[in-house]
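Per chain, numbering begins at 1; letters A, B, ... match sequence-line order.
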Number of protein chains: 2
Amino acid sequence: MTTRRRSNCPISFTLDLIGDRWSLLILRDLVFGRARFYRQLLESGEGIATNVLAERLRRLERVGLLSKRRDPDDRKRFIYSLTPKGLDTLPILLEMILWGAKYDPRTAAPPEFVARLRKDRERVLAEVRARAEEK
Amino acid sequence: MTTRRRSNCPISFTLDLIGDRWSLLILRDLVFGRARFYRQLLESGEGIATNVLAERLRRLERVGLLSKRRDPDDRKRFIYSLTPKGLDTLPILLEMILWGAKYDPRTAAPPEFVARLRKDRERVLAEVRARAEEK
DNA sequence: CCGGATCCGTTTCGATACTG
DNA sequence: CAGTATCGAAACGGATCCGG
């Protein structure tokens with residue numbers, strides 16, 4: 001995961017930041033409020049290794065997609081949260097969810113969520129965003 | 001690029017298919033009509049290696065995102081084109097373009113295209129789709 | 001316990017050279 | 001033109017260890 005893209009064509013840069021095997025999954029878990037702590041991210045079901053997770057978190061923080069602070073309620077752990085820049089990847093995530101829902105029977109996206117997303121994209125976007133922000 | 005994802009959570013599967021360093025760039029070039037041939041894809045500015053491109057094209061074909069046929073006008077080369085499934089990645093690509101346009105000064109997305117995309121997403125989507133389909 | 005760091009065997013990547 | 005063969009470099013993943 002080093003930066004090595006040469007082109008300045010659209011998408012190229014974006015993939016340089018989040019176009020690896022794990023970053024978008026980490027963002028997904030943070031965006032949808034499934035995880036806030038290292039431990040939760042680690043156990044969110046994808047099977048990422050500890051060293052890889054640590055490296056990705058460092059990277060995502062460095063490029064300004066998330067921030068890390070100590071949990072005031074439990075000083076021995078950290079809270080990872082999205083920056084506005086990180087939260088703005090939500091539309092990308094939503095489109096991936098839609099695509100997966102359409103083409104992969106294996107994907108267990110909640111059907112009612114997908115249906116609402118298809119019908120009223122802007123509203124769902126605003127809702128998820130609001131929920132993520134209050135955390 | 002083997003399939004090794006274990007989770008059936010949303011996005012996980014999608015990334016299994018197109019969540020690598022190159023697939024979305026290949027799809028971008030096909031979607032936006034910048035390339036149809038191996039050679040064009042190779043020289044589209046990103047610096048992909050020949051073996052990697054060949055492997056990705058094989059993979060994308062196998063999972064049903066693109067198809068390959070011999071060029072009737074020049075029997076010694078092949079035309080790569082998108083399937084409907086491949087073309088349906090367009091919304092993902094567009095969101096990545098928007099995100100990149102917002103956060104990366106290096107990205108050279110045509111400003112008027114980005115502006116139109118922001119203003120009238122559905123229309124731009126339909127236009128790009130139509131152009132891609134007629135090829 | 002929590003959040004990693006380190007070590008290490010295995011897999012994948014990628015640049016280049018070469019081929020049908 | 002459209003790839004394949006090769007091979008070193010990088011990334012991955014599992015296990016284990018460690019400071020707080």
Throw together a table of side-chain donor-acceptor distances under 3.5 angstrom for residues 110-117 of chain B, partners on residues two or more places apart or in other chains.
{"residue": "B:R116", "atom": "NH2", "partner": "B:E127", "partner atom": "OE1", "Å": "2.9"}
{"residue": "B:R116", "atom": "NH2", "partner": "B:E127", "partner atom": "OE2", "Å": "2.9"}

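For A:W22, a side-chain nitrogen or oxygen approaches OP1 or OP2 of D:dG13 to under 4.0 Å. Note on B:K68: a side-chain N or O is less than 4.0 Å away from OP1 or OP2 of D:dG3. Between B:R56 and the phosphate of C:dC13, there is a side-chain N or O to OP1/OP2 separation shorter than 4.0 Å.
Within 6.0 Å of CZ on B:R70 lie more than 12 heavy atoms contributed by other residues, nucleotides or ligands.
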With 3.5 Å as the limit, what N/O pairs link the protein to nucleotides 4-7 of chain D?
{"residue": "D:dT4", "atom": "OP2", "partner": "B:R58", "partner atom": "NH2", "Å": "2.8"}
{"residue": "D:dT4", "atom": "O4", "partner": "B:T50", "partner atom": "OG1", "Å": "2.6"}

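We find that CD1 of B:I48 is positioned 12 Å from C1' of C:dA15, with the value rounded to whole Å. Look at CZ on B:F78: it is 16 Å from P on C:dG20, rounded to the nearest Å. Put simply, CD on A:Q40 is 16 Å from P on C:dC1, counting in whole angstrom units.
Taking A:K76 as the reference, A:D74 meet the salt bridge (charged side-chain N to carboxylate O under 4.0 Å, His left out) condition, with sequence neighbours excluded.
Salt-bridge check for A:E61 with A:R69: failed, with every basic side-chain N at 4.0 Å or more from each acidic carboxylate O. In summary, A:D20 and A:R56 engage in a salt bridge, as defined by a charged side-chain N under 4.0 Å from a carboxylate O. Contact check on B:R129 versus B:D88 returns a salt bridge, with a Lys/Arg side-chain nitrogen under 4.0 Å from an Asp/Glu carboxylate oxygen.
A:R77 comes within contact range of the sugar-phosphate backbone alone, with a heavy-atom separation under 4.0 Å but no base atom that close.
The base of C:dG3 lies close enough to the side chain of A:R39 for a donor and an acceptor atom to sit less than 3.5 Å apart.
Take the nearest nucleotide of DNA chain C for B:A49 and for A:F37: the residue whose nucleotide is more 5' is A:F37.
In this structure, of C:dG14, D:dC1, D:dG13, it is D:dG13 that holds the atom nearest to the side chain of A:R21.
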